[in-house]
Structures are given as C-alpha cells and as structure tokens.
Amino acid sequence: TNHLDLPSILWLQEAILASGKAVVLVSHDGAFLDAVANRLWDVDPDKLSIAAAGTSFSGYQRAKELAREQQRVAYDAQQKRHKRLTGVADKLRAASAAGQRHKASDHDLLQRDFRRDRAGRSGRKAKSVETLRDSEAKVERVVEHAPL
C-alpha cells in the first residue's frame with residue numbers, strides 16, 4: 001500500500017473483503033490492516049520470532065505495548081531488588097572482614113574467637129544472599145526500536 005493512492009487502497013480493501021478468501025498481506029498501514037485483517041503474524045527479526053494474534057492490528061499493537069510496559073516495570077523492579085541484595089551482601093562481607101581482623105584490646109581470646117565466629121557466619125550469610133540474588137529469573141531489558 002506504500003505506492004497506492006487513497007482510491008486504490010479503498011478498492012483493494014473492498015476487493016479483499018468481497019473475495020471471502022484467505023489473503024496474505026505484508027503492510028505497515030494500520031488503518032488498512034484494521035479494515036481487512038482478522039489474524040496477524042508479526043515477524044520480529046531481532047528476536048528471530050513470529051507472534052500470531054487473532055485480533056485487529058490496533059488491538060495487537062495495544063496488547064504488545066502493554067506487554068512491553070509490564071516487562072519494563074518487571075525489569076526495573078528486578079534491578080532495584082538486585083541492587084538492594086548486592087548492598088546487603090556487601091555489608092555482610094564488610095562485617096565478616098572486620099570480624100576476621102578483630103583484635104581484642106586486652107588479649108581476651110574468648111572475645112576474639114567470638115568475633116571471628118560471628119564473622120564467619122556473616123560471610124556465609126553474604127554468600128547465601130548472593131546465591132539468592134543470582135538464582136532469580138532474569139527479566140530482559142526492553143529494547144526500543146525506531147519504526148522503519
């Protein structure tokens with residue numbers, strides 16, 4: 001439909017609807033697709049995928065934008081949680097390192113061993129937090145593409 005004038009587009013639209021036959025169309029004209037299409041296949045060359053939809057073009061576009069927005073929100077939440085868990089793990093690692101270096105001022109071995117034991121637990125907790133952080137399902141970042 002790129003090189004057709006309006007009367008030609010309207011004629012093509014009426015001819016397709018009147019034929020009652022299955023037609024494969026390749027177009028980016030949303031109004032034309034809304035008028036003649038009742039099933040869509042969206043080919044995405046970046047993801048190497050084909051998405052099928054049994055709706056109008058404008059309905060498909062709305063659903064696709066809603067899914068993209070939900071993915072964006074999930075990605076932002078994932079990044080926020082990742083940052084928070086990394087901060088917690090870093091604090092626990094710092095506490096562990098400080099406990100390992102602790103020297104009792106009065107050479108109290110019991111206090112030194114207690115601090116070192118607590119430091120070991122902080123290190124194990126830090127490792128657990130990092131394992132939890134790294135085991136979560138990853139949400140892909142939304143990549144915006146300019147229309148052709």
Side-chain angles (χ1 to χ4, degrees), residues 1-103 112-148:
T1 58
N2 281 349
H3 302 291
L4 298 178
D5 60 353
L6 184 59
S8 299
I9 292 173
L10 293 175
W11 175 85
L12 180 60
Q13 178 179 324
E14 290 173 14
I16 291 171
L17 292 173
S19 75
K21 296 181 180 176
V23 178
V24 175
L25 295 170
V26 177
S27 179
H28 64 271
D29 184 348
F32 178 73
L33 288 173
D34 272 339
V36 299
N38 58 7
R39 210 172 282 283
L40 299 168
W41 289 274
D42 183 20
V43 179
D44 188 345
D46 295 325
K47 293 182 181 177
L48 302 175
S49 66
I50 298 175
T55 183
S56 67
F57 179 72
S58 57
Y60 174 73
Q61 288 294 92
R62 282 191 302 273
K64 190 174 177 180
E65 185 57 39
L66 178 63
R68 188 177 294 130
E69 186 58 34
Q70 289 172 343
Q71 182 178 356
R72 191 176 293 119
V73 168
Y75 178 79
D76 291 344
Q78 171 191 287
Q79 292 303 307
K80 184 177 179 181
R81 180 171 166 79
H82 187 276
K83 185 176 181 180
R84 185 175 57 80
L85 289 175
T86 300
V88 168
D90 290 346
K91 284 182 183 179
L92 287 169
R93 289 247 184 251
S96 176
Q100 291 289 347
R101 293 187 306 266
H102 178 75
K103 295 190 191 250
R112 184 190 68 203
D113 291 341
F114 175 74
R115 294 267 182 158
R116 286 188 180 167
D117 182 50
R118 297 274 313 245
R121 281 187 268 160
S122 294
R124 287 189 295 276
K125 286 180 184 177
K127 183 66 178 164
S128 296
V129 169
E130 289 171 344
T131 302
L132 172 69
R133 177 198 66 197
D134 295 339
S135 68
E136 292 180 342
K138 303 292 186 250
V139 177
E140 294 290 323
R141 183 176 183 188
V142 176
V143 179
E144 299 293 334
H145 295 286
L148 298 175

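- Nearest heavy atoms, D34 versus S56: OD1-CB, 3.4 Å.
- Listed by chain and residue number, W41, V43 satisfy the side-chain contact (heavy atoms from CB on, under 4.5 Å) test with I50 (two or more places apart in sequence, or in another chain).
- Across all non-hydrogen atoms, the minimal contact from Q71 to E140 is NE2-O, 2.8 Å.
- Screening residues 52-64 for salt bridge (charged side-chain N to carboxylate O under 4.0 Å, His left out), with sequence neighbours left out, gives D42-K64.
- Partners of Q70 according to the side-chain contact (heavy atoms from CB on, under 4.5 Å) rule, which considers only residues two or more places apart in sequence or in another chain, are L66.
- The side chain to side chain donor-acceptor pair (under 3.5 Å) test applied to R68 returns E65, not counting sequence neighbours.
- The salt bridge (charged side-chain N to carboxylate O under 4.0 Å, His left out) contacts involving residues 73-90 comprise R81-E136, where partners must be two or more places apart or lie in separate chains.
- Judged as a side chain to side chain donor-acceptor pair (under 3.5 Å), and not counting sequence neighbours, the contacts of E69 are R72.
- Annotation for K138 and D134: closest pair NZ-O, 3.4 Å, computed over non-hydrogen atoms.
- The heavy-atom pair separating L17 from A35 by the smallest distance is CD2-O, 3.7 Å.
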Scan the side chains in residues 7-16 for donor-acceptor partners under 3.5 Å anywhere in the protein, sequence neighbours excluded, and list what turns up.
| residue | atom | partner | partner atom | Å |
| --- | --- | --- | --- | --- |
| S8 | OG | D5 | OD1 | 2.5 |

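- In this structure E130 satisfies the side chain to side chain donor-acceptor pair (under 3.5 Å) test together with R93, sequence neighbours excluded.
- In plain terms, the two heavy atoms of A89 and A126 that are nearest each other are O-CB, 3.7 Å.
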Might you work through the side-chain contact (heavy atoms from CB on, under 4.5 Å) test for F57 and L40, ending with a clear yes or no? CA-CA 7 Å; F57 179 72; L40 299 168; 4.1 Å; yes
Between Y60 and L33, is a side-chain contact (heavy atoms from CB on, under 4.5 Å) present by the stated rule, with each step listed? CA-CA 11 Å; Y60 174 73; L33 288 173; over 6 Å; no
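- Applying the side-chain contact (heavy atoms from CB on, under 4.5 Å) rule to S128 yields no partners; only residues at least two apart in sequence or on another chain are considered.
- In this view, S49 and D44, K47 satisfy the side-chain contact (heavy atoms from CB on, under 4.5 Å) rule, not counting sequence neighbours.
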